[in-house]
Amino acid sequence: MSVRVRFAPSPTGYLHVGGLRTALYNYLFAKHHNGKMILRIEDTDRTRFVENAQENLVKSLLWAGIDFDESPDKGGEFGPYVQSERFEMYKQSAQILVDNGNAYYAFDTSEEIDAMRQRQQAAGVAPRYDRTTMKSQYTLGDEATKQLIADGNAYVIRLKVPQDEVIRFKDIIRGEVVVNGKEIDDQILVKSDGFPTYHLANVVDDHHMQISHVIRGEEWLPSTPKHVILYKAFGWEHPEFAHLPLLLNDSKIKLSKRHGDVAVEDFITKGFFKEAFVNFIALLGWNPTGDQEIFSIDELIKSFNLEKVNKAGAVFDRRKLDWMNSQYLRSKPLNELANRILPLIKEKGYNVEIEYLEKVINLVKERITFAEEVPDFAYYMFEDIKEYEVDYFNKFWNENTEKLIKGLFDKYDKLDVFEHDALEVITKDYIAETNTKFGPLMNPVRLIVTGKSVGASLLDTMAILGKDKTFERFNYFISKYSGVYSL
RNA sequence: GGCCACAUCGUCUAACGGUUAGGACACCGCCCUUUCACGGCGGCGAUACGGGUUCGAAUCCCGUUGAGGCUACCA
């Protein structure tokens with residue numbers, strides 16, 4: 001059997017990281033099995049529809065490297081891939097169920113349903129549609145029902161759940177799940193506005209689109225029995241199910257919009273590499289066995305399998321995500337990094353050659369998490385020093401060091417090749433000659449050249465900055481602070 | 001409340017029924033070192049609890065507890 005899976009978001013906002021993980025697992029599963037990945041937009045709730053949401057969803061998915069074989073944009077032989085465009089199909093499907101006795105009409109208002117629920121809760125029973133007392137085809141009879149519809153009364157269509165059956169299905173991740181029909185509510189299939197609910201549309205589409213595996217979040221597990229009933233009512237085989245563990249926040253509750261950023265695009269904006277983000281997300285709830293932490297997308301595809309997906313929810317740990325990003329930052333080609341932040345560099349008003357930018361990135365990349373930090377972290381590589389760190393200045397700048405530093409720069413001045421190795425030889429000779437140490441000598445030099453107390457290798461910093469700039473800073477510093485030993 | 005599913009270091013996780021319960025993030029220490037990092041080495045730290053099955057249980061079964069999901073004319 002060929003593998004066909006789908007990612008089926010609602011266009012209600014932005015792509016949630018949990019949604020991305022679901023999409024990713026579907027994608028990895030499809031690619032692993034040489035199957036097809038389908039995007040279907042589930043927009044049956046027009047009250048929650050958000051303009052441009054679909055575009056945003058697709059943009060985030062594409063950013064992560066998840067593309068589709070069939071989608072609203074690409075089309076495909078099972079289209080359309082937007083549920084609102086499949087309206088007729090659901091209508092006909094619902095009619096089939098009414099005709100074959102697996103669904104029925106109901107005319108209750110939402111107030112009446114609310115009242116029913118309150119009665120049930122007060123009585124301590126589970127809220128469920130009460131076929132015996134409510135205004136449905138059950139209590140009204142077929143003739144009266146027909147008449148009410150003919151008269152233009154609003155109605156819904158409900159699934160007639162077999163009360164005396166035990167529903168069983170196999171979940172690839174969780175094993176067999178068993179639910180008693182008595183526990184299942186008569187789910188609304190068609191709303192009074194004529195639109196199908198998720199349950200109907202989902203089952204109809206998955207069947208007609210020949211979906212082989214439904215891989216979705218655990219929040220769908222409780223409604224899966226309803227879906228199984230639906231497939232049976234239609235006389236269809238149901239696809240295989242795999243319910244993914246939830247992504248949790250620090251409080252171990254389902255990651256949601258209410259608690260910090262969960263929109264994928266926020267992470268894009270923050271500067272995460274897609275490879276790092278995908279790598280991190282993939283390992284949240286799945287592990288191929290072993291100690292490997294860094295996986296390329298091809299490695300993920302190669303080793304992915306549903307059986308290894310965990311059952312328990314996984315907390316989304318930003319610190320590990322940061323670490324993951326820094327790992328990728330260190331291993332990425334310099335030209336890629338340089339091109340990535342070039343627009344940002346220009347935006348800051350810095351006019352530098354790409355080669356120079358690459359050198360600077362290489363200089364500081366082990367000290368930062370995001371490539372975008374470079375212009376701030378090492379601003380002194382792009383413009384004049386804005387200020388000297390006061391504590392550092394007061395600690396290291398005095399009459400002795402001034403004399404010492406001047407002597408060192410006299411030696412540096414003789415250098416034609418202003419590079420790391422040459423600088424190192426000169427510096428070491430000078431240390432031996434003056435009987436000082438690297439630290440006390442170079443700390444003030446760092447202050448003079450960068451204004452800061454921390455940073456990358458100082459010799460490399462000076463070499464990249466070049467002799468002219470280095471001396472410009474030295475001369476400026478001396479002209480301003482010679483004899484001034486406290487700020 | 002009911003239903004469903006879940007439970008290994010703080011977090012992500014590994015472990016044919018036989019391991020000193022392994023790795024990673026975070027944290028701490030040491031080394032490296034001009035600073036800060038990177039890196040290397042080491043430390044801290046877990047099988048929720050109680051019963052069973054078994055020669056032997058993190059692993060299988062039952063119960064308890066805990067935390068979660070669902071309980072919409074939302075998905």
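Every chain is numbered from 1 and lettered A, B, ... according to where its sequence line falls, protein lines coming before strand lines.
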In whole angstroms, how far is the P atom of B:A24 from the CG atom of A:Asn287? 13 Å
A:Trp323 on top of B:C25's base, within under 5.5 Å and under 30°? no
Nucleotide nearest A:Val179 when distance is taken to its side chain, options B:U35, B:G23, B:C3: B:C3
Sugar-phosphate only, base, or nothing, as touched by A:Arg128 at under 4.0 Å among non-hydrogen atoms: nothing
Tell me the interatomic distance from A:Tyr198, atom OH, to B:U71, atom P, rounded to whole angstroms. 12 Å
Mind checking if A:Gly455 touches a base, just sugar-phosphate, or nothing, with heavy atoms under 4.0 Å? base
Is there a donor on the side chain of A:Lys320 or the base of B:A24 sitting less than 3.5 Å from an acceptor on the other? yes
Could you tell me whether A:Ser192 contacts a base, only the sugar-phosphate backbone, or nothing, with contacts defined as non-hydrogen atoms closer than 4.0 Å? base
Classify the angle between the aromatic ring planes of A:Phe304 and A:Trp286 as parallel (below 30°), tilted (30 to 60°) or perpendicular (above 60°). tilted
Tell me what A:Thr289 touches on the nucleic acid: a base, only sugar-phosphate, or nothing, going by heavy atoms under 4.0 Å. sugar-phosphate
Applying a 4.0 Å non-hydrogen cut-off, can you work out what A:Ala456 is touching in the nucleic acid: base, sugar-phosphate, or nothing? base
B:G69 P sits how many Å from A:Leu244 CG, rounded? 16 Å
Could a donor-acceptor pair under 3.5 angstrom be found where the side chain of A:Ser457 meets the base of B:U34? yes
Using a 4.0 Å heavy-atom cut-off, does A:Arg446 contact any base of the nucleic acid, only the sugar-phosphate backbone, or nothing at all? base
More than 12 foreign heavy atoms under 6.0 Å from NZ of A:Lys332: is that the case here? yes
Are more than 12 heavy atoms from other residues, nucleotides or ligands located less than 6.0 Å from atom CG of A:Asp250? no
Under 4.0 Å, counting only non-hydrogen atoms across every strand here, what does A:Val315 touch: a base, just sugar-phosphate, or nothing? sugar-phosphate
